[in-house]
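So that the names make sense, note that chain A is the first sequence line, chain B the second, and so on, each numbered from 1.
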Amino acid sequence: GDSVTQMEGPVTLSEEAFLTINCTYTATGYPSLFWYVQYPGEGLQLLLKATKADDKGSNKGFEATYRKETTSFHLEKGSVQVSDSAVYFCALKLALNDYKLSFGAGTTVTVRA
Amino acid sequence: NAGVTQTPKFRILKIGQSMTLQCAQDMNHNYMYWYRQDPGMGLKLIYYSVGAGITDKGEVPNGYNVSRSTTEDFPLRLELAAPSQTSVYFCASSPPGTGYSGTSDEQYFGPGTRLTVT
């Protein structure tokens, strides 16, 4: 079945460090891929998305590229801030079943000043 | 515009008790969803609804019931609570869009309800 595997946490970084969170997927067809973020005490919110191979999603300094050949959608940010401390979820949605999201387990990121 | 709201934020139930988790959205979204998140696991879809009066099972529906009498509200009912239902529950909604099923890519989530069954 469709599934998402993402890097286990927790991840602790210093401010201005480089962040990478790995995400790989298994899916039939050509899914859309997403990163959602959950800040403390809040619900999940969409961070970025990519809908086809080689697309790059970007938002708030975060980027992720849809790599069909490696079935990956790794999240990166060049210089993290304390305000980036959150739980990050990778997710996919199949084109023909596009009301359902399949989520990874989430990666907790803590950025220290 | 409050978005998606959920009540309560926290609840402790005894085994065998029942309760209803409330979810409401004020964005006129047609699709609504209930997920649960267990520690170290991704979100699992419990039930979803494509509009008022229409609901369907997700991946893990056993032990739960839902109803959708209005566009705004999508309550989740737990009957005979069990320890296996200890989890964080998220409600979400989607606006109309251009996808195959007529819904957009983005889901809007509430802040969650943390439920403990002992």
Side-chain angles (χ1 to χ4, degrees), chain A residues 1-11 21 23-27 29-52 55 57 59 64 66 73 86-108, chain B residues 2-7 9-10 23-25 27 29-51 54-61 88-114:
Chain A
D2 316 313
S3 66
V4 174
T5 302
Q6 65 180 99
M7 170 179 158
E8 288 190 18
V11 174
I21 304 175
C23 172
T24 57
Y25 68 88
T26 302
Y30 303 97
S32 296
L33 300 173
F34 307 85
W35 278 100
Y36 276 79
V37 59
Q38 183 183 24
Y39 297 106
E42 298 182 13
L44 283 73
Q45 55 186 275
L46 182 64
L47 179 60
L48 53 83
K49 69 178 185 183
T51 57
K52 61 183 188 297
D55 268 2
N59 187 24
Y66 188 143
F73 192 54
V87 183
Y88 293 83
F89 295 90
C90 188
L92 69 81
K93 188 171 73 168
L94 292 181
L96 293 182
N97 193 11
D98 65 351
Y99 49 77
K100 293 184 182 178
L101 287 171
S102 295
F103 284 90
T107 301
T108 300
Chain B
V4 179
T5 57
Q6 292 183 238
T7 55
K9 285 190 166 56
F10 304 94
C23 173
Q25 52 93 7
M27 298 173 283
H29 289 174
N30 50 344
Y31 280 72
M32 294 188 75
Y33 315 82
W34 273 106
Y35 294 90
R36 59 176 286 173
Q37 184 189 20
D38 300 324
M41 309 286 286
L43 280 71
K44 298 291 186 187
L45 184 65
I46 305 171
Y47 271 95
Y48 65 96
S49 168
V50 303
I54 307 170
T55 63
D56 208 348
K57 297 177 181 178
E59 303 169 79
V60 289
V88 180
Y89 292 83
F90 292 101
C91 180
S93 67
S94 290
T98 57
Y100 177 78
S101 297
T103 188
S104 80
D105 283 337
E106 183 169 359
Q107 293 186 10
Y108 294 76
F109 284 79
T113 295
R114 186 174 295 275

J.: With chain B, which of A/G9, A/A91, A/G104, A/S102 has the greatest number of heavy-atom pairs at distances under 4.5 Å?
T.: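 Sorted descending by pairs with chain B, the first entry is A/G104.
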J.: Backbone N or O of B/Q107 within a donor-acceptor pair of the A/Y36 side chain at under 3.5 Å?
T.: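 Yes: the side chain of A/Y36 pairs with the backbone of B/Q107.
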J.: What closest approach, in Å, do B/Y47 and B/D56 show between heavy atoms, and which atom pair accounts for it?
T.: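 Smallest interatomic distance, heavy atoms only, reads CD2-O, 3.1 Å.
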J.: May I ask you to decide if the ring planes of A/F103 and B/Y35 are parallel, tilted or perpendicular, using 30° and 60° as cut-offs?
T.: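 Correct class here is perpendicular.
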J.: In terms of the angle between their ring planes, are B/Y31 and B/Y33 parallel, tilted or perpendicular, with boundaries placed at 30° and 60°?
T.: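 If you compare the ring of B/Y31 with that of B/Y33, the planes turn out parallel.
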J.: Would the distance check show the side chain of A/Q6 and the main-chain N or O of A/C90 forming a donor-acceptor pair, the cut-off being under 3.5 Å?
T.: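 Yes, A/Q6 side chain to A/C90 backbone: donor-acceptor pair under 3.5 Å.
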J.: Does any backbone or side-chain atom of A/T51 lie under 4.5 Å from a heavy atom of chain B? Answer side chain, backbone, both or neither.
T.: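 Looking at A/T51, just its side chain touches chain B.
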J.: So for B/L43, is it side chain, backbone, both, or neither that comes closer than 4.5 Å to the heavy atoms of chain A?
T.: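 Interface part for B/L43: both.
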J.: With a 4.5 angstrom heavy-atom cut-off, could you sort out which part of A/Q38 is near chain B: side chain, backbone, both or neither?
T.: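 It is the side chain, since no backbone atom gets that close.
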J.: Pick one of side chain, backbone, both or neither for B/Q6, based on which atoms fall under 4.5 Å of a heavy atom in chain A.
T.: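 Answer is neither: B/Q6 stays 4.5 Å or more from chain A.
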